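As the structure is a prediction and not an experimental result, all values here were calculated from the model.
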Amino acid sequence: MEVGFIGLGVMGQPMALNLARAGTPLVVWNRSPEKCAPLKAAGAAVAATVAEVFRRARVVILMLAHEDAMDAALGRGTPDFDRRVVGRIVVHMGTTSPDYSRRLDAAIRAAGGTYVEAPVSGSRAPAEAGQLVAMLAGDPDAVAAVRPLLAPLCRDAVECGPVPSALLMKLAVNLFLITMVTGLAEASHFADRHGLDMARFVAVLDAGPMASAVSRMKADKLLARDFSVQAAIADVLKNNRLIAEAARAAGLASPLLDACHALYGETLALGHGGEDMAAVVRALEARTDGVTPPPAPRPTAPA
């Protein structure tokens, strides 16, 4: 039975390619058809429409950028929704609000389908290498059915419990990632503006106890001023907002996250939304140089 895959963006395309190269019978669709060409070359079938993916596949993976894109693919709010999801396992691998996921789970179950949350930790490079970490939530039988399909994509998969615990876990992990990379960018800016040898700064970081795969990757980007995208500023800002909304809804303090929200918003306002998250250093440089753009709106809890 074919597996469906919808959404071939920065993360989705390498993930789908790993599935196809592993021999998974795959049928794909993307809003921009040119993104399907590498999948076709790898042996995947390319569907003409989203509806065709759901007709052909019993498990459909969604790796889409936001909730509106997911609703459009599922036909939510139209008679197509029930036809598409009945008898299928819908696997949500992107990042949305936990509340949206909770409501989508209920809607899919009411229509006779099954829903699994499977957001991943990792950026484009781990996606290309099949080294992502998946967080799984949902019906235990459905999670057990989906888990083996993710082996070509992920070096590990952690079961988190009922929906939306996987997305909450992803947001908790991303909170650490965002604050860590922002701290690294600020340290890099401090070292650079004090005239330190930046290659030596990176060497000391690499040799010390704070070194990690993330610090090495992002420190090298900062050293080279290479802001080619692994995780884009605009996407990180979206994740920051989702985490902040979840924190507000639970009455939790998040002062570091709020500071990061302002900096990523300023980086976006400076015109760098498509660059890697390490480009948050540009906002720090702008503040130092007195050219700070207006701050981003402070995130609030959803109504």
Side-chain angles (χ1 to χ4, degrees), residues 5 7-19 22 61-67 70 91-98 100-101 115-138 143 146-185 210-221 228-247 254 256-257 260-261 264 276-278 280:
F5 199 106
L8 304 175
V10 170
M11 294 287 288
Q13 189 183 74
M15 291 166 66
L17 278 169
N18 282 334
L19 281 173
I61 295 170
L62 304 178
M63 189 60 184
L64 295 165
H66 48 74
E67 296 164 8
M70 286 189 60
V91 184
H92 173 21
M93 298 196 74
T95 306
T96 60
S97 77
Y100 170 85
S101 187
Y115 177 72
V116 172
E117 281 182 344
V120 292
S121 180
S123 58
R124 185 175 179 89
E128 291 172 341
Q131 293 294 302
L132 298 168
V133 176
M135 291 144 277
L136 305 174
V143 167
V146 166
R147 189 181 185 116
L149 294 175
L150 305 183
L153 314 180
C154 303
R155 62 177 173 82
D156 202 359
V158 179
E159 295 184 26
C160 299
V163 173
S165 57
L167 271 166
L168 286 167
M169 188 72 75
K170 169 70 184 290
L171 295 184
V173 169
N174 276 5
L175 196 161
F176 178 48
L177 172 67
I178 291 167
T179 54
M180 177 174 61
V181 173
T182 307
L184 175 60
M210 288 91 72
S212 67
V214 171
S215 73
R216 291 189 175 101
M217 180 185 299
K218 300 307 182 186
D220 285 346
K221 280 186 165 294
S228 56
V229 69
Q230 292 287 338
I233 289 287
D235 291 335
V236 173
L237 185 60
K238 181 198 87 168
N239 276 266
N240 194 308
R241 175 182 56 79
L242 291 173
I243 302 164
E245 288 174 350
S254 57
L256 295 179
L257 185 74
C260 292
H261 186 272
Y264 282 94
D276 187 74
M277 67 185 299
V280 71

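- For A118 against L136, the heavy-atom pair with the smallest separation is CB-CD2, 3.6 Å.
- Looking at heavy atoms from C-beta onward, L184 lies out of side-chain contact with M210 at the 4.5 angstrom threshold.
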Quiz item: Could you go step by step and tell me if T96 and H66 meet the side chain to side chain contact (heavy atoms under 4.5 Å, CB included) rule?
Solution: CA-CA 6 Å; T96 60; H66 48 74; over 6 Å; no
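- Annotation: side-chain contact (heavy atoms from CB on, under 4.5 Å) contacts of S97 (sequence neighbours excluded): E67, D99, Y100, L242.
- Rounded to the nearest 0.5 Å, atoms OG1 (T179) and CG (L175) are 5.5 Å apart.
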Exercise. With side chain to side chain contact (heavy atoms under 4.5 Å, CB included) as the test, would you mind laying out the steps for I178 and I243 before giving the verdict?
Key: CA-CA 10 Å; I178 291 167; I243 302 164; 4.0 Å; yes
Practice problem: Decide yes or no on side chain to side chain contact (heavy atoms under 4.5 Å, CB included) for M15 and I61, but give the supporting numbers first. | Solution: CA-CA 11 Å; M15 291 166 66; I61 295 170; 5.8 Å; no
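- Enclosure of atom CE in M169 is not indicated, since only 12 or fewer non-hydrogen atoms of other residues, nucleotides or ligands lie within 6.0 angstrom.
- Between the side chain of K238 and the backbone N or O of A65, at least one donor-acceptor pair lies under 3.5 Å.
- When side chains are defined from C-beta on, M11 counts as touching V120, because their heavy atoms get closer than 4.5 Å.
- A donor-acceptor pair under 3.5 Å is formed between the side chain of D276 and the backbone N or O of A231.
- Taking every heavy atom of both residues into account, L149 and L19 meet most closely at O-CD2, 3.2 Å.
- Counting heavy atoms from C-beta on, the side chains of P162 and S165 come closer than 4.5 Å.
- Here the CD-CZ distance, from E159 to R147, works out to 5.0 Å after rounding to the nearest 0.5 Å.
- The minimum heavy-atom distance linking P14 with R124 is given by the pair CD-NH1, 3.9 Å.
- Considering every non-hydrogen atom in both S254 and A247, the closest pair reads OG-CB, 4.2 Å.
- Between L171 and T95, the closest side-chain pair of non-hydrogen atoms falls below 4.5 Å.
- Across S101 and Y115, no two heavy atoms sit closer than the pair OG-OH, 2.6 Å.
- Rounding to the nearest 0.5 angstrom, the gap separating the CG atom in L17 from the CZ atom in F5 is 9.5 Å.
- When atom types are taken as modelled, the side chain of E117 and the backbone of A166 share a donor-acceptor pair closer than 3.5 angstrom.
- Between the side chain of D156 and the main chain of V133, no donor-acceptor pair closer than 3.5 Å is present.
- Atom CG of residue L153 and atom CE of residue M93 lie 5.5 Å apart, to the nearest 0.5 angstrom.
- Side chains of L132 and R155 form no contact here, defined as non-hydrogen atoms less than 4.5 Å apart.
- In this structure, CD in Q131 is found 12.0 Å from OG in S123, a value given to the nearest 0.5 Å.
- Contact check for S228 versus K221: side-chain heavy atoms found under the 4.5 Å cut-off.
- Nearest heavy atom pair, residue P98 against residue L168, reads CG-CD2, 3.6 Å.
- Between the SG atom of C260 and the CE atom of M277 there is a distance of 8.5 Å, given to the nearest 0.5 Å.
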